[in-house]
There are 2 protein chains.
Amino acid sequence: MADVARLAGVAISTVSRALANPGRVNEKTRAKINAAARQLGYTPNAMARGLRVGKSNIIMIILPGSLYYGASQVIPQVLQSINKSLIQGGYNLMIANLDRDEVSERHILDLAFGGSVRGAIILSSKLPEVDGRSLANSGLPIVSMLLDMSDAGLQSVVTNDREAVRDVTAELIRLGHRRFFYLAGPEGNYHDVERYGGVLEALDAAGLSEDLVHRSGGHLDYQHGFDIGVQAADDFAELTEKPTAVIATSDDMAISFVSRIQRTGLSIPGDLSVVSFDGSPVCEFCSPPLSTIKQPVEEMGRAAVDLLLDAIDQRQTTATVRTVIRSSLILRESVGSPKS
Amino acid sequence: MADVARLAGVAISTVSRALANPGRVNEKTRAKINAAARQLGYTPNAMARGLRVGKSNIIMIILPGSLYYGASQVIPQVLQSINKSLIQGGYNLMIANLDRDEVSERHILDLAFGGSVRGAIILSSKLPEVDGRSLANSGLPIVSMLLDMSDAGLQSVVTNDREAVRDVTAELIRLGHRRFFYLAGPEGNYHDVERYGGVLEALDAAGLSEDLVHRSGGHLDYQHGFDIGVQAADDFAELTEKPTAVIATSDDMAISFVSRIQRTGLSIPGDLSVVSFDGSPVCEFCSPPLSTIKQPVEEMGRAAVDLLLDAIDQRQTTATVRTVIRSSLILRESVGSPKS
DNA sequence: TTGTACGCGTTATCAA
DNA sequence: TTGATAACGCGTACAA
């Protein structure tokens, strides 16, 4: 910066202003400074700036190690969407992985308390906390995405899992289905609770017993989506009274389940209707094309970033702590009426 | 840090040493200092440290905007693998998107020249360059991954696309296939050149004419993998002399192509054999299960990080500029002999 | 083994 | 509108 100042014939502080706060410097001197900077190939040092202003321009996204590239291909779209919004706001995106070990928790806490990051978007249900340091009271703005953590006081951007599953179950009931097969992801997990809850609500509303739904899976994490479907198919084979409709909590498990089930000679939707969750593009090209509840990941990403930047800029911290963005059901040939 | 020093009854510099260079301080005072630090919930400021030592601990990965979540689900695994290796080395991963606009180039150059990052892994064929600043002479260690950029002097970690496609084509020829349908991604792209080159090499080696292969696609980017397959199916329908084998350059396009082709009444592998590239897990559950060339993305990620950290640490900059990690063919039911 | 003192490259304050 | 100067929090000579 000193070099630029010398070349432009001004003081260092003027260069700083011209570059960081262009409005507060004469247009002509600013031109001189910009020319000098370009000529010297000068770029301001981000760490020095960060140190001085006491702020980083990096946002971290905290991904739970286990669902990283499970959750059926949702993560890359989340990253894409979030990064795009952040860059427009002048921020950069850093990836942080939260596993079940203390090392990764400590790592994230170091990032948070060491001033490396300005805010966080978290996709995990657990907030890092070690040795009295806790992400919750790091002072960092945090937004939860996919999972509702408004109980913990976090702004949360979620989709209406429960309602979406309730509606699709109601539709299956309307079509005449009375026995259901529910394919669970990680058990007790927020998504599991919500989605299974939606199934039960629909049954209750129709005056049907909750015993009509058989749960399968629940002991593997999202990363093993395909494995869950494979095991569920074995599970299905054991059943004496066969369900006529399957509700899967991710496209991956639906796809592998369907593949295995078809091998046993059952046809879809003739013998069995199938609907799943996520909205992966590949569902359109399965045979039969798979019905799926599409998560609005791009919109959720944008919303999460908006909330985070609002919190950072102290723009009125929205009172609503829970932002719900609706899923949409894509109905395809995998769903039909049961044989009578 | 001053607070910690006061509480521990030592000088600030001793605290600094104890935390950043534990070997150079008495064990007992170090314990005192650690205790004080923990009690105060102290975490060293990363930007101040970075400024002082003149080094960041952030690595950026440069993703081309257009293939971001195309390339059939390869990217999330790349990120996962790279991030894991980086964290072990004490580094953090930042995401940077390189689109075709000057804004994103400038953004990346600011990161590089502003001292924000310590090195870069690039998955794009274009090095940002604007106003005389160029990533190539930023002084930053750079490793290219997926694409061979050794011509530009960059350490490159790639798989043996050409050879893998050559081998699988040779296998198809051995099975009796004589007419081929090649499904291209972005035309002229490194992968296209290599993979198509592999097809031609196999034909040449078998003494067959290059006219036996029909190229389809090539005008859309990877992000539209499924669309490419759909259009290719239309293209296929126009052909008077039907090929008996399809070589697709990504699983996505193979999947949508197969879906559409089956609707026209053709059967796979009876009428048409299909093999594709990437090794997506979903291929196992297609009907029929899809043969695919699996890219060793995890290994490639690890190798890229190793090379990058070597370059950063000035450990002898490996003379070999091109690291090849072999793909493996997963042969499934989508491939068979042609009808005679 | 520990302490003193300086400087890394910025920006903010204040005065001119 | 511009310039001089202090300070952000740390690491590292160098001296003790």
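In what follows, every chain begins at residue 1, and chains take the letters A, B, ... in the order their sequences are listed. Being a predicted model, the structure only gives us computed values, none of them experimental. The figures that follow rest on heavy atoms only: side chains count, while hydrogens, waters and symmetry mates do not.
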**Student:** If you fit an axis to the five pairs at each end of the helix from C/dT1-D/dA16 to C/dA16-D/dT1, how big is the angle between those two axes, to 10 degrees?
**Tutor:**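 The angle, to the nearest 10 degrees, is 30°.
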**Student:** List the atom of A/Met149, the atom of A/Ser125, and the distance in Å for their closest heavy-atom pair.
**Tutor:**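 Scanning both residues, the minimum pair turns out to be CE-O, 3.4 Å.
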**Student:** Establish, from distance only, whether the side-chain atoms of A/His107 and A/Asn97 form a donor-acceptor pair under 3.5 Å.
**Tutor:**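 On atom types as modelled, these side chains do not qualify, holding no pair under 3.5 Å.
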**Student:** Going through the distances and angles, do A/Gln80 and A/Val297 end up as a side chain to side chain contact (heavy atoms under 4.5 Å, CB included)?
**Tutor:** CA-CA 10 Å; A/Gln80 165 87 323; A/Val297 276; over 6 Å; no
**Student:** What string of B, S and - do you get for nucleotides 9-16 of chain D 5' to 3' if you count protein non-hydrogen atoms under 4.0 Å?
**Tutor:** BBBB----
**Student:** For A/Arg24 and D/dG3, give me the distance from atom CZ to atom C1', rounded to whole Å.
**Tutor:**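 It works out to 14 Å between those atoms.
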**Student:** Table please: side-chain donor-acceptor pairs of residues 38-52 of chain B below 3.5 Å, with sequence neighbours left out.
**Tutor:**
from: B/Thr43; atom 1: OG1; to: A/Arg133; atom 2: NH1; distance (Å): 2.6
from: B/Asn45; atom 1: OD1; to: B/Met47; atom 2: N; distance (Å): 2.9
from: B/Asn45; atom 1: OD1; to: B/Ala48; atom 2: N; distance (Å): 2.8

**Student:** Expressed as a whole number of angstroms, how long is the span from A/Asp3:CG to C/dG9:C1'?
**Tutor:**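 Rounding to the nearest Å, CG of A/Asp3 and C1' of C/dG9 are 12 Å apart.
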**Student:** If we only count heavy atoms from C-beta on, is the A/Leu109 to A/Pro128 side-chain gap below 4.5 Å?
**Tutor:**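 Touching, per the 4.5 Å side-chain cut-off.
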**Student:** Going by the rule side-chain contact (heavy atoms from CB on, under 4.5 Å), which residues pair with B/Ser13 if we only count those two or more places apart in sequence or in a different chain?
**Tutor:**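 With neighbours one apart ignored, the set is B/Ala11, B/Arg17.
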**Student:** Quickly work out the B/Ile33 CD1 to C/dT1 P distance and round it to whole Å.
**Tutor:**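 About 13 Å, once rounded to whole Å.
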**Student:** Tell me, please, which residues at least two apart from A/Asn26 pass side-chain contact (heavy atoms from CB on, under 4.5 Å).
**Tutor:**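 With sequence neighbours excluded, A/Asn26 shows a side-chain contact (heavy atoms from CB on, under 4.5 Å) to A/Lys28, A/Thr29, given in chain and number order.
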**Student:** For A/Asp148, enumerate each residue passing the side chain to side chain donor-acceptor pair (under 3.5 Å) test, keeping only those at least two apart in sequence or located in another chain.
**Tutor:**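 Result, side chain to side chain donor-acceptor pair (under 3.5 Å) vs A/Asp148: A/Ser150, A/Arg322.
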